[in-house]
Structure formats: structure tokens, C-alpha cells
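Quick notes on the structure that follows.
Reminder, nothing fancy here: chain letters follow the sequence lines and each chain counts from 1.
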Protein chains: 2
Amino acid sequence: MAKIITVNTNGIRAAARKGFFDWLPKQDADVVCIQETKAQVDQLEDPVFHPQGYHCYYNDAIKKGYSGTAIYSRVKPRKVISSLGWDPADSEGRYLQADYDGLSVISLYMPSGSSSEAVQAKKDRFLELFLDHLKVLRRKRREFVICADWNICHREIDLRNWKSNQKNSGFLPHERAWLDTLYDEVGYIDSFRLINQDSDQYTWWSNRGQAWANNVGWRLDYQVITPKLGDKVLSADIYKDERFSDHAPQIMEYDFDIKG
Amino acid sequence: MAKIITVNTNGIRAAARKGFFDWLPKQDADVVCIQETKAQVDQLEDPVFHPQGYHCYYNDAIKKGYSGTAIYSRVKPRKVISSLGWDPADSEGRYLQADYDGLSVISLYMPSGSSSEAVQAKKDRFLELFLDHLKVLRRKRREFVICADWNICHREIDLRNWKSNQKNSGFLPHERAWLDTLYDEVGYIDSFRLINQDSDQYTWWSNRGQAWANNVGWRLDYQVITPKLGDKVLSADIYKDERFSDHAPQIMEYDFDIKG
DNA sequence: CTTATCAAG
DNA sequence: CTTGATAAG
């Protein structure tokens, strides 16, 4: 059994202040994927950022306080890959991959497109290049669990106000179509939907207004898996009892073991 | 009887959050001089920044969130002067003068010199030019109350750790000599010292460390008056019961009336 | 350590 | 609205 958690911390130091590292050991996770660390490695020298029992890997953005991913792994990976060979994936530390025996776990932070047309164009370009990468991964003799803040909702059920958000980044028709392609053509599976078919649960609530209080959320974070793992998903839960950031942790249990 | 209060708010909006404008009306002051408003006029449109019963004057720095002075006056001044004709006094909104019948009250924010040698040089230049201005004022047929964060301690009694601060901005020999000149040659009087001869009271405590808790302070704020007002000082107090900023308000009572 | 601004989400 | 960087004190 493998327990894999993914969470966008919106600043790993801020999440730490809110008790994230008190909560984490209690989860007994095998792999923890983090997005938006918003910190450089030299700002994370404090032992709290290297929890006991885990091998910790960080991938920073060049720009301070921006983006960044991490993977904490109980088993030492055979290899850790932090480069896709193209920017801004590399220069913004948006990708981190831990390779185990026959399995890889990826922590990905997809660009947001909400700030302007220019950043949406950047997101669209990222989607295009990353889809190519995902296709390449499908050809490997290896299974993948891609833990990400995808910054896209697939269907109407995935966000509270789908009608009013059809022209907003994260629920644009071409973004949804990108996920259609990912699932229907490239063959990946959204592990959350495998378990919770008709459940309108969200993983992100804006900090503005009363989004959290009114549960005006979006399901932006999920673990996408290769087809052979489709019958291995034991549970898929969103942790909302505490709030470490504007995103909630995704906790998935799989019927396989992670071997280094 | 005239009650004149001066205080460096270290951000008038922050001071407001800490209850400054709840405290102020209870003081029944005739004139209130403020330094370090750190806000532009258009950021102070809320009525709290225009307390009932006062004519309010603000002088901003060009740079947002930096410096800035204010005067609140119960009696409407005959004239309000916000320019000394030179920078950075004008461009940083460091000077504001309210003219009444035979008396002027000034709100002044002296530059700090603690950040670098370059800012100390700027402070020194300001001291030089401002001394000229103060000499000019002495020639007027008018009394002056200069309410300021002077950013200088005069004597050893004026700061907790005078020995270790002899090479630090605010207690440099030439800064202290500048005050010697102001008092001994130009003839101004520090109204606080007139009342509290040997009292080691401070008006500013660093936010760093435990300065406030340990009363490691500096007397940087005081009301400097022209000689003819020397026998008019009724009381001079530092208000420490509440904390609106890193500086404490100076409350002085004078045996004269402010007439518009 | 605290103010405030700014970029980004 | 919130994180984090930066400037300034």
C-alpha cells in the first residue's frame, strides 16, 4: 500500500506557520508532492523543512519567492529528475520527478493564467509542451502518478460556479479540451474521479471574499495516473479539517508498494 | 491653555488599527503634530483620518508609503506652510507649519541616518539647511513650537545605552553638537527638559529585539520652543499606556492660547 | 521587527 | 485576500 499526498502550499514557510509540518508526520505518507514552495533551498535549511524519515527534494524557481516544487519520499528514489529541458518548466522549478522501481511520482505546478492574457498564453504554451512530455512518458515501461496543481477544472462538477467561469482561466473550453485529450486520447486517469464519481468536492478556494466560508471552490489539484494503475486506487480524499494554504491536500492510497 | 501633542505614527494607518484615533479625541488637544504618516492624501479619505473638530493638513512624500507629516488643529490656522523651498524637505513631506496669531506650530520629520552612510550624509545636509531655517524663524516677530521626530538624542541621559551608541546615527558627536548650537547659540529650548530635568524617559524603542520590554529607548521626539515660551510650559509628558507605534506620543501643555 | 509597496496568484 | 520580496526605519 502506498499513500501519496499532494498539496499546493502557497508558500511552504507560510504553510509551516499554519501547522503543515505538525500535520504531515501523522499522515504516514510514502510520498508527498508539494507545489508553490515559494522559497529557495537556502531559505529552507531549518529542519522542519526536512521532515524525519523522508528524503527531501526541492526544485526552485530562479525568481525568489515564486513557484517551486518539492517531493518528500520515504524510500530513496533511484533517480530524481528536475529538468524537462525547456523553460519555464525548468527556470520556474515547476517539475520534479522521483523514479522508483517501475514507478515514478511527479510533482508539477502548472502555470496559472488568471493574471493577464500574457500569462494565459504562457500557460497555453506550457500545456502544449507538457502534453508532449506526458505522451513521451506513456511510451516508457513504467507507471506514473502525476501529482499536480493543474490549474484546470475538467467538468462543470469540478467548480462551484461553472457558468460564470466559462471565460475565466482554469475553465476555458480549450483548457478543458486539453484534459479531454489527456484522458481520452493519451490515456491518463484522474484518480479522484475513479473513486468519487459524482462528488462536487474542491481543492482550492480563493482568498478573496468569502470563498472558503461559502465553499466557492475549484478542483484544481489531482493525481493523474497511467492506465495500469487504474485498478489500484484505494481511496482519494481531500483534507479540509485544517487549512494550511488556499489549496487543500489530496490524500490518495494505492494498492502498490513503492520500492527504491 | 494650549495642549499640543506630537507623535511619530510609523504609518498613520497602522496607528489607526492600533487605536490611535480612539485615543486622540480623549486627549482634547489643540494641535496634534504627526510624523511618518506613510500615506498619500488619497489613501486617507476615510473619516477616521479627519477627526471631528479638527482642521486636518497632510504633507506627503512623493514616494508612496514613505515619510510624510500632518497637523490637526482645532482652531483654523491663518496660514499653513508645507514647503521650505528645498528638497528633500519638500519632496518627502517632512515639514508642515500652522500659523496662528503670534504663534506657529511646526510638524517636522528629521531624516534618519541609520540605514547607511549615504542616508547619514543626507541627514547631515538636512540638519545644515534646517538650522538656517530655524535661525530665520528666530528673526520673526512670532513664537514657535517645533514638534518633531528629531532623530537625535542630545545627552547621555536621553538614551538607555549611550556608551555603545556613540558611533551610531542619532547620537553622533556632530549631531549632538548640532543640538548644542540650536539651544545654546540659536536660543531654542527643549520643553521636555524644562520640566523633567533629570528624568531618563524615552520616546522611541526599536521594534527589533526586546527594546520595549527592556525599556531600551531613545528620546528622539520633543517639542522645541522659542525663548519667550520658556516660562509657559505647564507639563510635558510621554504617553506609554498604549502603543500606537514604535514612538510614544509627547503631550505638552502650555500657558497660552491658540488664536486663529 | 515593523511599516508600506509591489508582483503574483 | 494572501504570500513573499524589497525598501526603509
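- Spacing between atom CG of B:Asp60 and atom P of C:dA4 amounts to 14 Å, rounded to whole angstrom units.
- In this structure, the CH2 atom of B:Trp204 is 17 Å from the P atom of D:dA8, given to the nearest Å.
- Remark: B:Lys122 is not in phosphate contact with D:dA8, judged by side-chain N or O atoms under 4.0 Å from OP1 or OP2.
- Under 4.0 angstrom from either OP1 or OP2 of D:dT3 there lies no side-chain N or O belonging to A:Tyr66.
- Between A:His50 and A:Tyr72, the distance from one ring center to the other does not fall under 6.0 angstrom.
- One atom, CD1 of A:Ile152, and another, P of C:dG9, lie 15 Å apart when rounded to the nearest Å.
- A:Gln43 comes within 4.0 angstrom of the backbone, heavy atoms only, and of no base.
- With respect to B:Glu92 and B:Lys122, a salt bridge is recorded, a charged nitrogen being found less than 4.0 Å from a carboxylate O.
- Between B:Asp246 atom CG and C:dT3 atom C1' the separation is 9 Å, expressed in whole Å.
- Listed pair A:Ser115 / C:dG9 meets the phosphate criterion, a side-chain N or O lying under 4.0 Å from OP1 or OP2.
- Contact check, B:Arg13 against C:dT5: a side-chain N or O comes under 4.0 Å of OP1 or OP2.
- Distances were taken from every side-chain heavy atom of A:Ala14 (C-beta onward) to each of D:dT3, C:dT3, C:dC1; the shortest belongs to D:dT3.
- A salt bridge between A:Arg219 and A:Asp200 is absent, with no side-chain N of the basic residue lying under 4.0 Å from a carboxylate O of the acidic one.
- Closest to the side chain of A:Asn10, from the set D:dT3, C:dT3, C:dG9, is D:dT3.
- Ion pair B:Glu156/B:Lys163 not flagged as a salt bridge, since none of the NZ, NE, NH1 or NH2 atoms sits closer than 4.0 Å to an Asp/Glu carboxylate oxygen.
- Close to C:dT5, at under 4.0 Å from its OP1 or OP2, lies no side-chain N or O of B:Lys38.
- Atom P of nucleotide D:dC1 and atom CZ of A:Arg243 are separated by 13 Å, given to the nearest angstrom.
- Atom NZ of B:Lys63 and atom P of D:dA8 are 4 Å apart (whole Å).
- B:Lys123 comes within 4.0 angstrom of nothing in the nucleic acid, heavy atoms only.
- The side chain of A:Lys64 contributes an N or O atom lying less than 4.0 Å from OP1 or OP2 of D:dT6.
- A:Asp60 and A:Lys38 are not joined by a salt bridge, as no carboxylate oxygen comes within less than 4.0 angstrom of a charged side-chain nitrogen.
- Here D:dG4 presents its C1' atom at 9 Å from CZ of A:Arg17, a figure rounded to the nearest Å.
- The B:Lys18 side chain lies nearest to C:dT3 when the options are C:dT3, C:dC1, C:dG9.
- Between A:Gln210 atom CD and D:dT2 atom P there is a gap of 10 Å when expressed in whole angstrom units.
- The 5' end of DNA chain D is approached more closely, in terms of each residue's nearest nucleotide, by A:Gly209 than by the other of A:Gly65 and A:Gly209.
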